[in-house]
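For reference, the structure is listed below as structure tokens.
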Amino acid sequence: MTTRVRFAPSPTGYLHIGSARTALFNYLFAKNTGGKFLIRVEDTDQQRSTEESLASILDGLKWLGFAPDEEIVFQSDNADKHRAIALKLLEEGKAYRDFTPKEDHSSKNIKQEIADKARREGGEKDMRDNEYRDVSNEESDAKAESGEPFAIRLKVAKTGKTSFEDAVYGEQERDYADIEDLVLLRSDGHPLYNLAVVCDDIEMNITHVIRGQDHLTNTHKQILIYEALGKEKPTFAHLPLILAPGGKKLSKRTHGEIVSMTTYRDAGFIADAFRNFLALLGWSAGEEQEIYSLDELVEKFSLDRIHQSNATFNFDANNERRWTDDKAIWMNAEYIRTMKLDELIPLVREEMRNEKLWREEYDDDDKQWFEATIDLIRERFYTLKDFSGQGRAFFSEDFDYDKKAIEKNLKKHEDLRQWLPELAEKFEALEDFSHDAIFETVKEFCEEKGTKVGVVLNGARVVLTGQAVGPSMVAAIEQLGKDKTVMRLKSQVAWNE
RNA sequence: GACCGAUUCGUCUAGGGGUCUAGGACACCGCCCUUUCACGGCGGCAACACGGGUUCAAAUCCCGUAUCGGUUACCA
């Protein structure tokens, strides 16, 4: 039997980092087992579902490279089927009409309200105390015919328990006494989540349900539906959650854009790097290797190596350098400096196009120079943004000077104000502007002035690139070329910043 | 509150009775390298939540406690 898994986002926000990880694990599992990876959009909550949200989620999935193997299913298209199934269950006596008027919740603190109510009721509450549970069919039919609105609830047996073997968490049991008679169909005829999920998973022939641990206890309710329907249940695999620092829930409301996938794409992350990082949040191959290509991840992935404890996604909103997880940033840098140059170039090209730094010559006459330059400067970069930011001076005269660099490497050595233009003259006289010649020139110049090479080189770095850090300065000068080097060394712009 | 789950360095994690004076990665710190910097190399700091068992032996098994998380909707 081929495995079939689905990623089932509800389009009520952008693609959350935790959802992205769920999508990744589904994808890896499908490919590892030679199965199908499907996408089902759970848009039954009409109130909260939006087009933008859907577009953003699909965008994020596309960026990460998770293309579905079959057409995307929209859950709302199946509402009629879900309704029919609920009615069938009612007919069979496995569900009943509940004429209790709908309770209204003030929209803001629903979670809190429910928790408070549950606390008040304590463990005393009898889950089978619904007064309509055992009314006769005749009475129920009559009320329905008279037009009284009703919801349809599943009739959960009084004693017994459900159980299933979770592929991650192991044997799971829950007493019927702890499960309420869940609502299948709302009084307005709208099918609810647990029903819709089960029906669609059956319809789509899903063999493995891989989803967040927040669904673990609700799984028992779904099993009850599978049983009422007389259908075989799939294998369940629940994933540990991804938390914010301090072990709190990672949410848009409190943490903002940091939880959105598109933030990372827009911040210059490489999809492969981020996917690699995500894979290691809640799963590991049990070896010391940490950098994995997609193919390697697919090959090594298995459900039994998924962790059972939640992971913290580490970041500090008050620290610009630590705006997101250190390890994610490191991994991105690692990919930038070690990936194949011809895989990196297209990504840099796109970034430069967006920043209006791209020139057609880079793909033509200046191709060699461009590639050599990228190869040189990638060494210290963390994101794709750095190519248009810190690396800007290599492609444009319009670049910024880092204030700290000016203070530390330029203004602290007032002599450089004269020396740098003097050095420019020496360079100008150079016929052969090669690495060795440049270095010899600098060295002689420093001996003449009785200063350390570092002082001149660091000062030159600021004037030439606007930065305090970068690749080997001599190599950078060679790459920049004689004209630009001479011009910038003579310029007083940086001094006036 | 009830039910469910988890708990190894600051973070991600290895480990599943002896090989653990607990390994790796990120971050941090130091040294070296580059006659220069946030590369690289080497090294350092740093953890088995707590208490009881079981056992010749427990980070690993069992029980309790604590803490954290999840669920408890006519949301998904």
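Note that these values count all heavy atoms, side chains included, but never hydrogens, waters or copies made by symmetry. Computed from a predicted structure; not experimentally measured.
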Measure the distance from CG on A/Leu243 to P on B/G10 and round it to the nearest whole Å. 17 Å
Let me spell it out: for each of A/Phe439 and A/Ala285, pick the nucleotide of RNA chain B with the closest heavy atom. Which residue's pick is nearer the 5' end? A/Ala285
Exercise: do A/Asp98 and A/Asn130 side chains pair donor with acceptor under 3.5 Å: yes
In whole Å, what is the span from the CZ atom of A/Phe315 to the P atom of B/C12? 13 Å
Cation-pi geometry met for A/Arg21 and A/Phe25 (6.0 Å, 45°): yes
Please work out if A/Ser472 contacts a base, only the sugar-phosphate, or nothing of the nucleic acid, heavy-atom cut-off 4.0 Å. base
If you measure from the P atom in B/A6 to the same atom in B/A49, how many Å do you get, rounded? 14 Å
Are a donor atom and an acceptor atom from the side chains of A/Asn314 and A/Thr312 found within less than 3.5 Å of each other? no
Give me the distance, rounded to whole Å, that separates B/G30 from B/U35 when you measure between the C1' atoms they each carry. 22 Å
Determine whether A/Leu489 and A/Leu464 make a side-chain contact, defined as any pair of heavy atoms from C-beta on separated by less than 4.5 Å. yes
Is any side-chain N of the basic residue among A/Glu334 and A/Arg337 closer than 4.0 Å to the acidic one's carboxylate O? yes
Between A/Lys233 and A/Asp201 (salt bridge meaning N to carboxylate O under 4.0 Å), is one present in this structure? no
Tell me the partner of B/A59, counting only Watson-Crick (N1-N3 plus N6-O4 or O6-N4) or G-U wobble (N1-O2 and O6-N3) with both under 3.5 Å; none if nothing fits. none
Could you tell me if A/Arg97 sits above the aromatic ring of A/Phe150, with its cationic atom closer than 6.0 Å to the ring centre and no more than 45 degrees from the axis? yes
Measure across A/Ile210 and A/Thr22 and return the closest heavy-atom pair with its distance rounded to 0.1 Å. O-CG2, 3.7 Å
Quick one: A/His220 NE2 to B/C4 C1', roughly how many Å, whole number? 8 Å
Any-strand Watson-Crick or G-U partner of B/U36, both distances under 3.5 Å: none
Looking only at atom P, what distance separates B/C61 and B/G15, rounded to whole Å? 13 Å
Looking just at side-chain N and O atoms, do A/His16 and A/Ser251 make a donor-acceptor pair shorter than 3.5 Å? no
In Watson-Crick or G-U wobble terms, both distances under 3.5 Å, what is the partner of B/A6? B/U67
Does A/Lys426 come within less than 4.0 Å of A/Glu444, counting only side-chain N to carboxylate O? no
What salt bridge (charged side-chain N to carboxylate O under 4.0 Å, His left out) pairs are there with at least one residue in residues 381-391 of chain A, not counting sequence neighbours? A/Glu351-A/Lys385, A/Glu355-A/Lys385
For A/Arg322 and B/A38, give me the distance from atom CZ to atom C1', rounded to whole Å. 13 Å
Would you mind pulling out the nucleotide paired to B/A22, Watson-Crick or G-U wobble, both distances under 3.5 Å? none
Before giving the answer on salt bridge (charged side-chain N to carboxylate O under 4.0 Å, His left out), spell out for A/Glu180 and A/Arg153 the whole-Å C-alpha distance, their side-chain angles and the decisive distance to 0.1 Å. CA-CA 9 Å; A/Glu180 76 275 15; A/Arg153 304 189 95 110; over 6 Å; no
A/Lys449 and A/Glu447 ion-paired at < 4.0 Å: no
Could you pull out the protein-nucleic contacts involving nucleotides 19-21 of chain B (nitrogen or oxygen on both sides, under 3.5 Å)?
none

When you measure from the side-chain N and O atoms of A/Arg337 to the phosphate of B/G40, is any distance below 4.0 Å, counting only OP1 and OP2? yes
Under 4.0 Å from any atom of RNA chain B, heavy atoms only: list the residues of residues 408-424 of chain A that qualify, in numerical order. none
With a 3.5 Å limit on both atom pairs, tell me what B/C29 is paired to, counting Watson-Crick and G-U wobble, or say none. B/G43
Minimum-distance nucleotide (side-chain atoms of A/Thr312 versus B/A2, B/U11, B/C28): B/U11
Kindly say if A/Lys248 contacts the phosphate of B/G69, meaning a side-chain N or O under 4.0 Å from OP1 or OP2. yes
Sorted by position of nearest nucleotide on RNA chain B, 5' first, the leading residue of A/Gly282 and A/Tyr382 is A/Gly282
B/A6, OP1 or OP2 - any side-chain N/O from A/Gln308 closer than 4.0 Å? yes
What N/O pairs connect the protein and nucleotides 72-76 of chain B at under 3.5 Å? Give each pair on its own line.
residue, atom, partner, partner atom, Å
B/C74, OP2, A/Arg153, NH2, 3.2
B/C74, O2', A/Lys102, NZ, 3.4
B/C74, O2, A/Ser187, N, 2.8
B/C74, O2, A/Ser187, OG, 2.9
B/C74, N3, A/Ser187, OG, 3.2
B/C74, N4, A/Thr100, O, 2.3
B/C74, N4, A/Lys102, N, 3.4
B/C75, OP1, A/Arg186, NH1, 3.2
B/C75, OP2, A/Arg186, NH1, 2.9
B/C75, O2', A/Asp45, OD2, 2.4
B/C75, O2', A/Arg48, NH2, 3.3
B/C75, O2, A/Arg48, NH2, 3.2
B/A76, OP1, A/Thr44, OG1, 3.1
B/A76, OP2, A/Tyr193, N, 2.9
B/A76, O3', A/Glu42, O, 3.2
B/A76, O2', A/Ser10, OG, 2.8
B/A76, N6, A/Asn218, ND2, 3.1

NA contact type, A/Gly470, heavy-atom cut-off 4.0 Å: base, sugar-phosphate, or nothing? base
Would you measure the distance from the C1' atom in B/C28 across to the matching atom in B/U7 and give it in whole Å? 25 Å
Rounded to whole angstroms, how far apart are NZ on A/Lys443 and P on B/U35? 9 Å
In whole Å, measure the gap between the P atoms of B/C48 and B/C56 for me. 27 Å
Give one of base, sugar-phosphate or nothing for A/Arg305, where a contact means two heavy atoms less than 4.0 Å apart. sugar-phosphate
Rounded distance (Å) that lies between atom P of B/A38 and atom NZ of A/Lys404: 14 Å
N/O to N/O distances under 3.5 Å, protein versus nucleotides 22-26 of chain B:
residue, atom, partner, partner atom, Å
B/G23, O2', A/Glu288, OE2, 3.0
B/G24, O4', A/Glu288, OE2, 3.2
B/A25, O4', A/Glu290, OE2, 2.7
B/A25, O2', A/Glu290, OE2, 2.8
B/A25, O2', A/Lys327, NZ, 3.4
B/A25, N3, A/Lys327, NZ, 2.9
B/C26, O2', A/Lys327, N, 3.3

Heavy atoms only, 4.0 Å cut-off, all strands: where does A/Thr217 land among base, sugar-phosphate and nothing? base
Whole-Å distance between B/U71 P and A/Gln112 CD? 13 Å
For a quick check of understanding: with a heavy-atom distance under 4.0 Å over all strands, which category does A/Ala311 fall into, base, sugar-phosphate or nothing? sugar-phosphate
Spacing between A/Asp166 atom CG and B/G70 atom C1', to the nearest angstrom: 13 Å
A/Arg83: what forms a salt bridge (charged side-chain N to carboxylate O under 4.0 Å, His left out) with it, not counting sequence neighbours? A/Asp80
So, A/Asn194 versus A/Gln222: side-chain donor-acceptor pair below 3.5 Å or not? yes
Taking the P atom of each, how far is B/G51 from B/A73, in whole Å? 39 Å
